[in-house]
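First the structure, in the form of C-alpha cells, and then the observations on it.
Atoms within each ligand, like the ligands themselves, are counted from 1 in listed order.
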Amino acid sequence: MTKLTIVAFDGTRHELDVEDGTTVMENAIRNSVPGIEAECGGACACATCHVYVDEAWAAQVGAPEAMEEDMLDFAYDVRPTSRLSCQIKMSEALDGLVVHVPERQA
Ligand code: FES
C-alpha cells in the first residue's frame, strides 16, 4: 500500500492507504475529502479536482501535460505547484505524497 496525505483547506489531514494506479482524485472522492468536486469524473475536462502539490513533492510529481495545463486555466488561484488531482496517478515513487486542497474549486 502506498501512503497519500490530502490536507483539506481547514487543515485536516486525511492520511490514506491507497492502491498504486489509482488517482489522487479517486482517493479523495472515495474518502469524502471535502473540497474536491471532480465534476467530470476524471476526464481532465472540469478543473474541479484542483490541488496544490506539497513543495517537497513538486519535482517528483512533475509538471502537467499540455491538456491539463489548459484546463488549469479554469481553476481558482492557480500556483506553480497546481495540478489536477485526476491526473496524478499513485505509484511507489509517490509513496508519502502530500497534496493540499485549495480554498475553493473554480
Ligand atoms: S475530475 Fe475533472 S479535471 Fe479532474
Side-chain angles (χ1 to χ4, degrees):
M1 277 293 196
T2 300
K3 300 267 184 212
L4 165 65
T5 298
I6 305 175
V7 184
F9 186 69
D10 70 359
T12 306
R13 294 174 74 84
H14 297 261
E15 293 176 0
L16 312 174
D17 288 319
V18 305
E19 285 189 32
D20 291 346
T22 59
T23 67
V24 172
M25 177 280 275
E26 287 167 339
N27 289 295
I29 296 293
R30 217 170 273 165
N31 291 280
S32 304
V33 176
I36 302 290
E37 295 169 11
E39 280 168 13
C40 78
C44 197
C46 73
T48 62
C49 65
H50 176 209
V51 293
Y52 304 116
V53 174
D54 195 272
E55 295 285 347
W57 284 92
Q60 185 75 6
V61 173
E65 306 232 332
M67 187 176 156
E68 181 184 342
E69 185 122 41
D70 287 348
M71 276 317 299
L72 272 169
D73 288 344
F74 297 97
Y76 170 76
D77 191 16
V78 175
R79 301 177 191 170
T81 58
S82 287
R83 290 290 311 264
L84 295 180
S85 59
C86 68
Q87 302 301 305
I88 305 174
K89 212 167 250 192
M90 294 306 296
S91 66
E92 222 171 275
L94 295 185
D95 188 20
L97 175 66
V98 180
V99 301
H100 302 263
V101 177
E103 183 178 3
R104 64 176 170 86
Q105 297 293 339

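The angle Cys40:SG - atom 2 (Fe) of ligand 1 - Cys46:SG amounts to 110°, with values rounded to 10 degrees.
Close contacts of ligand 1 with Gly42, meaning ligand atoms under 4.0 Å from a residue heavy atom, involve 1 (S). Listed by number with element, the atoms of ligand 1 under 4.0 Å from a non-hydrogen atom of Cys44 are 3 (S). Atoms of ligand 1 lying under 4.0 Å from any heavy atom of Cys86, numbered from 1 in the order shown and given with element: 1 (S), 3 (S), 4 (Fe).
Once rounded to the nearest 0.5 Å, the distance linking CD of Glu65 with CG of Leu84 reads 12.0 Å.
Taking hydrophobic clusters as Ile, Leu, Val, Met, Phe, Trp and Tyr residues chained together by side-chain heavy-atom distances below 4.5 Å, Trp57 shares a cluster with Ile36. Hydrophobic clustering of Ile, Leu, Val, Met, Phe, Trp and Tyr side chains at less than 4.5 Å, counting indirect connections, keeps Tyr52 apart from Val98. With hydrophobic clusters built from ILVMFWY side chains whose heavy atoms lie under 4.5 angstrom apart, Leu72 does not share a cluster with Val53.
Here Cys49 meets the criterion, with an N, O or S atom under 2.8 Å of atom 4 (Fe) of ligand 1.
Contacts of Ala38 with ligand 1, taken as heavy-atom pairs under 4.0 Å, involve both backbone and side chain. Residue Ala47 touches ligand 1 through its backbone alone, judged by heavy-atom distances below 4.0 Å.
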Evaluate side-chain contact (heavy atoms from CB on, under 4.5 Å) for Met90 paired with Asp95, printing each intermediate quantity in order.
CA-CA 8 Å; Met90 294 306 296; Asp95 188 20; over 6 Å; no
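Residue Glu15 places its CD atom among more than 12 non-hydrogen atoms of other residues, nucleotides or ligands, all under 6.0 Å distant.
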